[in-house]
Amino acid sequence: MKNKIFILLTTSLMTLSVFGAMPSEEKSSQYNTGKVYLMAFGSPKDINKINRYKKVAGSIMKKHGAIFPPVKFKINDVIKGDSIDRNNPNPTFLNYIEFPDRQHILNALSDPEYISVINDRNNGFNHLNIFILTQ
């Protein structure tokens, strides 16, 4: 039985929390397309920090196999979720980027050049959540 793993990178603690599910053998085939995505949602806070982050992050992701362009969505309404906070705006975007596999994403996120811009990422966004998704 294969485990399906989703990894959430929280910006406030910079820790990895692993959530998993072990679907039955019959159901596991629906998740077995081989597609793996890095998904992020949040809202901009400091455009200068975001621009510095994006300038480096995009090339690092591409170096590690990211398939561009990312798929981008504008969030119109949050119906339910932890991102609803009266002190901070709701998330305004959701993006995802396909990668060849999970290891390529982990390599990108641990690349020294990527690590050098994590502070810009963390301080440039409100409610930034980043996931690894397997379809």
Side-chain angles (χ1 to χ4, degrees):
M1 185 176 302
K2 295 183 178 179
N3 290 330
K4 298 300 173 186
I5 299 172
F6 298 90
I7 296 180
L8 163 66
L9 299 175
T10 59
T11 59
S12 59
L13 300 177
M14 285 308 302
T15 60
L16 295 175
S17 299
V18 178
F19 301 94
M22 295 180 2
S24 69
E25 288 297 326
E26 298 102 38
K27 290 183 180 180
S28 67
S29 65
Q30 71 180 326
Y31 299 104
N32 221 358
T33 66
K35 293 187 177 187
V36 179
Y37 302 94
L38 182 65
M39 183 185 81
F41 69 87
S43 59
K45 180 171 65 172
D46 183 328
I47 198 69
N48 291 326
K49 290 178 182 176
I50 291 170
N51 286 336
R52 283 195 307 259
Y53 165 73
K54 287 169 98 176
K55 185 176 181 180
V56 173
S59 63
I60 298 304
M61 298 293 165
K62 195 169 198 170
K63 176 174 109 175
H64 290 282
I67 299 168
F68 282 105
V71 177
K72 299 179 179 187
F73 298 90
K74 178 183 178 226
I75 297 175
N76 296 316
D77 299 293
V78 176
I79 306 303
K80 166 91 175 81
D82 292 336
S83 295
I84 300 172
D85 179 345
R86 65 183 142 185
N87 297 318
N88 293 304
N90 290 330
T92 58
F93 73 88
L94 183 147
N95 296 341
Y96 68 85
I97 302 169
E98 186 176 346
F99 278 81
D101 58 41
R102 181 177 175 272
Q103 190 59 53
H104 280 79
I105 295 172
L106 296 175
N107 292 345
L109 297 176
S110 63
D111 187 294
E113 286 183 82
Y114 183 81
I115 291 170
S116 75
V117 294
I118 285 178
N119 285 334
D120 285 332
R121 180 197 71 191
N122 294 347
N123 296 312
F125 294 96
N126 287 315
H127 299 299
L128 182 65
N129 292 277
I130 304 171
F131 302 89
I132 296 176
L133 308 173
T134 303
Q135 184 179 25

Work out which heavy atom in [X] is nearest to a heavy atom in [Y]; give both atom names and the distance.
X    : Y    : answer
D111 : K63  : OD2-NZ, 2.9 Å
D120 : K49  : CB-O, 3.4 Å
I130 : R121 : CD1-NH1, 3.7 Å
A108 : Y114 : O-CB, 3.3 Å
P91  : S43  : CA-CB, 4.0 Å
N48  : D46  : N-OD1, 3.1 Å

Could you tell me the separation between the [atom1] atom of [X] and the [atom2] atom of [Y], rounded to the nearest 0.5 Å?
X   : Y    : atom1 : atom2 : answer
K74 : N76  : NZ    : CG    : 5.0 Å
I67 : L38  : CD1   : CG    : 12.5 Å
F73 : M39  : CZ    : CE    : 10.0 Å
E98 : I105 : CD    : CD1   : 9.5 Å
T92 : F41  : OG1   : CZ    : 11.5 Å
I50 : N123 : CD1   : CG    : 10.5 Å

K62 atom NZ, neighbour heavy-atom count above 12 within 6.0 Å:
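Incorrect, the count does not exceed 12.
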Using 30° and 60° as the class boundaries, would you call the ring planes of F125 and Y53 parallel, tilted or perpendicular?
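It falls in the perpendicular class, over 60°.
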Can you find a pair of side-chain heavy atoms, one from F68 and one from I97, that are under 4.5 Å apart?
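They are in side-chain contact.
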Counting C-beta onward and ignoring hydrogens, is there a side-chain heavy-atom pair between M61 and L109 closer than 4.5 Å?
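M61 vs L109: side chains touch.
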Please list, chain by chain and in numerical order, all residues satisfying ring pair (Phe, Tyr, Trp, His ring centres under 6.0 Å) with Y37, sequence neighbours excluded.
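Partners of Y37 by the ring pair (Phe, Tyr, Trp, His ring centres under 6.0 Å) criterion, ordered by chain and then number, come out as Y96.
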Any side-chain donor paired with an acceptor under 3.5 Å for H104 and N107?
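Not at all, the side chains of H104 and N107 share no donor-acceptor pair under 3.5 Å.
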